[in-house]
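The block underneath contains the structure these notes are about, expressed in structure tokens.
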Amino acid sequence: MVLVYRIKPSKPSAVFGAVVGVAMIIFVLVRFPLREPFVWLWLAVAVGVVGFSLWAAFAKRGAEKVVVEDRPQSGS
């Protein structure tokens with residue numbers, strides 16, 4: 001028998017992560033020139049944080065951690 005547990009963050013903490021990610025995007029766009037390669041890396045990471053946080057908050061199967069537990073059959 002295989003049991004699967006999905007561990008999700010609370011919606012408020014996931015939404016907070018998305019808000020922080022949006023703040024990171026705005027900060028970089030306002031403060032730094034877009035001609036620097038590091039700025040593009042920073043923006044890509046921030047977009048990933050926003051997407052992952054919103055997915056974890058609102059998707060039915062959105063989980064940060066999935067635990068698969070394999071239990072032996074009882075009665076053998």
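One-based numbering along the sequence shown. Computed over heavy atoms, backbone and side chain alike; hydrogens, waters and symmetry mates excluded.
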Task: Residues that Phe58 engages under ring-ring contact (aromatic ring centres under 6.0 Å, His included), provided they are two or more places apart - done: none
TODO: Would you list the pairs meeting side chain to side chain donor-acceptor pair (under 3.5 Å) in which at least one residue belongs to residues 25-54, sequence neighbours left out?
DONE: none
Open item on the list: If you compare all heavy atoms of Lys11 against all heavy atoms of Ala57, which two are closest, and at what distance to 0.1 Å?
Closed with: CE-O, 3.1 Å
Open item on the list: Taking Leu41 as the starting point, is it possible to reach Ile26 by hopping between hydrophobic residues whose side chains are less than 4.5 Å apart?
Closed with: yes
Task: Connected via hydrophobic side-chain network under 4.5 Å: Ile25 and Phe52 - done: no
Could you list the donor-acceptor pairs under 3.5 angstrom formed by side chains in residues 13-23, with sequence neighbours left out?
from, atom 1, to, atom 2, distance (Å)
Ser13, OG, Ser10, N, 3.4
Ser13, OG, Ser10, O, 3.0
Ser13, OG, Ser10, OG, 3.1

- [ ] Give, for atom CG of Leu43 and atom CZ of Phe27, the distance between the pair rounded to the nearest 0.5 Å.
- [x] 11.5 Å
Task: Check against side chain to side chain contact (heavy atoms under 4.5 Å, CB included), Val39 and Leu29 - done: CA-CA 8 Å; Val39 172; Leu29 289 176; over 6 Å; no
